[in-house]
Amino acid sequence: MEDINVPFVEVHYVSIQKLGDIPVIKGDFHSLPNTVQKWVAQMVQLCTPRGVYICDGSEEEADMVTHKLLERGTLTKLEKYENNYICWTDPRDVARVESKTFIVTDEKYASVPHSREGAKCVLGIWMSPDEMKKELDDRLPGCMAGRMLYVIPFSMGPIGSPLSKIGVQVTDSNYVLLSMRIMTRVSSEIWSHLKHDEEFVKCLHSMGCPRPHAQKVVNNWPCNPEKTIIVHFPDIRKVISYGSGYGGNSLLGKKCFALRIAGRIAYDEGWFAEHMLIMSITNPKGEEKFIAASFPSACGKTNLAMLMPAMPGYSIKCVGDDIAWMRFDKETGELRAINPEAGFFGVAPGTNMKTNPNAMLTCMKNSIFTNVGETADGGFFWEGLEDETPPGTEILSWTGERYKLGEDKTKKSSHPNARFCCPARQCPIIHSKWEDPAGVPISAIIFGGRRPEGVPLVIEAFDWKHGVFLASQLKSETTAAAEHTGKQVMHDPFAMRPFVGYNFGRYIQHWLDFEKDPKNKLPKIFHVNWFRLDENNKFLWPGFGDNIRVLDWIIRRTNGEDIADLSPVGLLPKKGSINLDGLSVDWDKLLSIPKDYWLSDIEETYKWLDDQMGDDLPQEIREQIEKQKQRLVEAK
Ligand code: GTP
Ligand code: SPV
Ligand code: MN
């Protein structure tokens, strides 16, 4: 497919380098790799910024940009800590917008599956290149007028690792630049790696607010919610994001590149790009195992990745909290995983010294907090920190309201999707191998979701195919991480519904196909649910640090311990095989498999999968469904 919207321009320079009439304020444009020069020049001509700033990742650069944002009032320093800042967005720009996220390919079914007639496909939105060209022509020309265009070279994964990939993001948001410096590896070293290997992912981001402003800017947070659009071109490894400055919409290394574009590259090349945390568990005997776990957004990845084990003698180390790139080693057959990110962009509300002390300690310096509250003494505050903050403390909420803690319970300090953005290297339990270019070996893969009803604490898949089916039927209650409203249990296969960059049927087939190579040592697959409720809507399972009890059972299963019983839906822990010392939980309620619930659930799931994917739904999944139905019908 032809690259659109990018007429080629000649680069002229006098004493100061210029691209057309536009000056290069910092950096040596002509020292960039040729392919980058060409693309950046095209972007400059298209977006017409007032200047071009080529980033080098240095501390001076961060100081300069931070200073600018403080002056403008976009950031406020949190005086209580070292180098921590708070920021409030325009209240219309607070989460990912799945309805405005597109995949563009020449052929529709390269991007989305053949849904059945009458079914609305929710596994990605496709648009044709011609139609998208119109949308972009309406937005991009002149979109950076009066603003600086920052050129950000970044690596997903350790710089120079054979598993890593390079991107270049141009953006007119210096908030995005600061956040990209935390979430990815930004460095001028990247350019030298590109000279030999010219492939890089092209990421264009604009807030869509050229100067002079056509609209009022709220909270010094320029954005353009009416016209927001996030577009992926997997064939040409390109992302264009317009109108939003928030998280997954604007930090293009994250969901856009590391999942949607990388997922497509992984499909082509035979590896995985997944919405998964990576962690290690060391048992009291000193044996260490690594696992990867996939839960939908705001369903507990960051918390699990850093958990403080409630069982003595265990230790946890974190490799990553959101994205895993994994491949089977050609020699050993092990599944090896890297975390392509360099920081955590974590859900703030609910995080505290009890639920996640390691996350709290990670964000005590060099961090940015978005849409949280601020205490009168220059600290951060959000729902969940009540017990750690003196009653009566004056809070300034993210909407600018002042109140005293404890006086009015209806006041909320933070948006439910408020986030901290902090460097992973500051995490007290970051694994010494978290940047190992060879990755870490994965022994188990866990899927899970928020399932208030019917779904037991843990299920082990019978085998790889059954595990892929378990992941395909994943569902979860909606959260504030995207624009969905109300609490509804939604399908979210593999926790990847919003993040797959190609036909979902092919994605599932890709998973199934790894079984075909006998050299691949396939990890066991599990499904967990920390969120089952009792009849009073209370969680049946304490969660957080107590989740180690389930991880311990999972690890023992990977060692082949005989601690599982057969059930129609998978292997369940034998009674007494999960250590529950010191807990009072209702085992039978927590582990029950209500037959009627599961029978109607599988009918509903089958219809949904078939509606969504039609003939693209792999035959092996249909067979798994039939077998599971049969087991359920025959069960007592
Ligand atoms: P994204 O960053 O959006 O991908 O989210 P995430 O999957 O990393 O979720 P995170 O760990 O930030 O948790 C989101 C919410 O779930 C927080 O409000 C947590 O308090 C809550 N949570 C996490 N783990 C548990 C658990 O084990 N039990 C219960 N009840 N809640 C949990
Ligand atoms: C998610 O929604 O899964 C996140 C946050 O990790 S965002 O970066 O906004 O995608
Ligand atoms: Mn996530």
Side-chain angles (χ1 to χ4, degrees), residues 89 93-98 101 176 179-180 182-184 230 241 244-260 274-279 293-308 310 318 320-324 339 341 343-352 354-356 358-360 363 370-371 382-385 414-421 446-452 457-458 476-484 492 495-499 528-533 537-551:
T89 69
D93 191 20
V94 293
R96 282 184 293 101
V97 279
E98 293 174 7
T101 300
V176 166
S179 306
M180 284 291 286
I182 297 173
M183 295 307 297
T184 74
I230 296 112
S241 164
S244 165
Y246 204 85
N249 299 332
S250 68
L251 312 179
L252 302 185
K254 201 172 178 49
K255 300 297 155 87
C256 300
F257 175 169
L259 290 178
R260 299 191 192 98
E274 302 296 333
H275 193 199
M276 289 180 180
L277 66 89
I278 309 166
M279 67 193 290
S294 176
F295 311 145
S297 301
C299 289
K301 288 181 300 302
T302 302
N303 277 272
L304 192 67
M306 296 175 203
L307 77 82
M308 286 289 273
C318 172
D321 83 324
D322 199 51
I323 297 177
N339 167 15
E341 299 191 281
F344 306 131
F345 186 65
V347 179
T351 308
N352 61 43
K354 274 207 196 101
T355 55
N356 195 346
N358 289 313
M360 294 298 293
C363 62
T370 303
N371 291 343
W382 51 73
E383 282 51 55
L385 289 176
S414 309
H415 185 276
N417 191 40
R419 301 252 166 184
F420 53 78
C421 179
I446 303 175
F447 291 93
R450 289 176 183 261
R451 296 298 290 271
L457 182 62
V458 56
S476 194
E477 220 170 42
T478 46
T479 67
E483 73 267 42
H484 311 289
D492 193 349
M496 284 290 279
R497 179 186 45 75
F499 306 123
V528 299
N529 178 24
W530 316 140
F531 299 93
R532 196 168 186 176
L533 299 176
N537 280 339
K538 290 255 177 327
F539 290 121
L540 281 163
W541 178 248
F544 302 102
D546 285 301
N547 293 334
I548 186 68
R549 299 168 192 271
V550 178
L551 297 184

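In each ligand, atom 1 is the first atom listed, and ligand 1 is the first ligand listed.
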Do me a favour and list the nearest non-hydrogen protein atom to atom 30 (N) of ligand 1 with residue, atom name and distance? Phe539 CE1, 3.4 Å

Would you say Asn371 and Thr89 are linked by a side-chain donor-acceptor pair, where the criterion is simply a distance under 3.5 Å? yes

Proximity of Trp541 to ligand 1 by residue part, where a heavy atom lies under 4.0 Å: neither

Please list the nearest protein heavy atom to atom 5 (O) of ligand 1 with its residue and the distance rounded to 0.1 Å. Ala298 N, 2.7 Å

Would you give the length of the straight line joining atom CD1 of Ile323 to atom NZ of Lys301, rounded to the nearest 0.5 angstrom? 9.0 Å

Protein residue, atom and distance nearest to atom 9 (O) of ligand 1, heavy-atom basis: Gly300 N, 2.8 Å

Residue pair Trp541 / Asn547, side-chain donor-acceptor N/O under 3.5 Å: yes

Identity and distance of the protein heavy atom lying nearest atom 26 (C) of ligand 1: Phe544 N, 3.6 Å

Would you indicate whether Met308, at its atom CE, is surrounded by more than 12 heavy atoms from other residues, nucleotides or ligands within a distance under 6.0 Å? no

Nearest-neighbour protein heavy atom for atom 19 (C) of ligand 1, which is reported as residue plus atom name and distance: Asn303 ND2, 3.7 Å

Is there side-chain contact between Trp382 and Thr351, with heavy atoms separated by less than 4.5 Å? yes

Heavy atoms only, cut-off 4.0 Å: how does Met306 contact ligand 1, side chain, backbone, both, or neither? neither

What protein heavy atom lies closest to atom 6 (P) of ligand 1? Include the residue and the distance to one decimal. Lys301 N, 3.3 Å

Which pair of heavy atoms, one from Leu304 and one from Met279, lies closest together, and at what distance? O-CE, 3.1 Å

Does any part of the side chain of Asn417, heavy atoms only, come nearer than 4.5 Å to the side chain of Val94, both counted from C-beta? no

Looking at Met183, Glu341, Lys255, the heavy atom closest to atom 3 (O) of ligand 2 belongs to Lys255

Distance alone, cut at 3.5 Å: any donor-acceptor contact between the side chains of Ser244 and Asp93? yes

Answer with side chain, backbone, both or neither: which part of Ser297 has a heavy atom less than 4.0 angstrom from an atom of ligand 1? both

NZ-CE distance between Lys254 and Met183, expressed to the nearest 0.5 angstrom: 4.0 Å

Where ligand 2 meets Ala481 - atom numbers and elements under 4.0 angstrom, heavy-atom basis: 2 (O)

For atom 16 (O) of ligand 1, what is the closest protein heavy atom, and at what distance to 0.1 Å? Arg450 NH2, 3.0 Å

Taking Gly384's backbone N and O only, do any of them form a donor-acceptor pair with Asn352's side chain (distance below 3.5 Å, no angle check)? yes

Within the 4.0 Å heavy-atom shell around Lys254, which atoms of ligand 2 are there? 6 (O), 8 (O)

Do me a favour and list the nearest non-hydrogen protein atom to atom 18 (O) of ligand 1 with residue, atom name and distance? Pro349 O, 3.4 Å

If we number the atoms of ligand 2 from 1 as shown, the ones under 4.0 Å from a heavy atom of Asp322 are 6 (O)

N/O/S atom name from Asp322 that is nearest to the position of the Mn ion (ligand 3): OD1

Any atoms of ligand 2 less than 4.0 Å from a non-hydrogen atom of His275? List them with their elements. 3 (O)

Rounded to the nearest 0.5 Å, how far does CZ of Arg450 lie from CH2 of Trp530? 13.0 Å

Provide the number and element of each atom of ligand 1 under 4.0 Å from a heavy atom of His275. 4 (O)

Can you name the atoms of ligand 2, numbered from 1 with element, that are less than 4.0 Å from a heavy atom of Gly248? 7 (S), 8 (O), 9 (O), 10 (O)

Separation between CG (Leu259) and CE (Met276), nearest 0.5 Å, reads 10.5 Å

Is any N or O atom of Gly543, backbone or side chain, closer than 3.5 Å to an N or O atom of ligand 1? no

Using heavy-atom distances, let me know which of Arg419, Glu98, Lys301 sits nearest atom 5 (C) of ligand 2. Arg419

Where ligand 1 meets Arg419 - atom numbers and elements under 4.0 angstrom, heavy-atom basis: 1 (P), 2 (O), 3 (O)

Mind checking the NE2-SG spacing from His275 to Cys299? Nearest 0.5 Å is all I need. 9.0 Å

Will you find, in the side chains of Arg260 and Thr101, an N or O donor that is under 3.5 Å from an N or O acceptor? no

Considering non-hydrogen atoms only, spot the tightest contact between Cys421 and Phe345 and give its length. CB-CD1, 4.0 Å

Determine, using heavy atoms of Pro296 and all atoms of ligand 1, whether some pair is separated by less than 4.0 Å. yes

With respect to the Mn ion (ligand 3), please indicate if Ala298 possesses an N, O or S atom at a distance under 2.8 Å. no

Please confirm whether Asp322 comes under 4.0 Å of ligand 1, counting heavy atoms of the residue only. yes

Within a distance under 4.0 Å of any heavy atom of Ser297, pick out the atoms of ligand 2 and give their elements. 1 (C), 2 (O), 3 (O)

Output for pair (Thr184 OG1, Leu252 CG), nearest 0.5 Å, gives 10.5 Å

Using a heavy-atom cut-off of under 4.0 Å, does the side chain or the backbone of Asn547 touch ligand 1, or both, or neither? side chain

Check: Arg96 N/O within less than 3.5 Å of ligand 2 N/O: yes

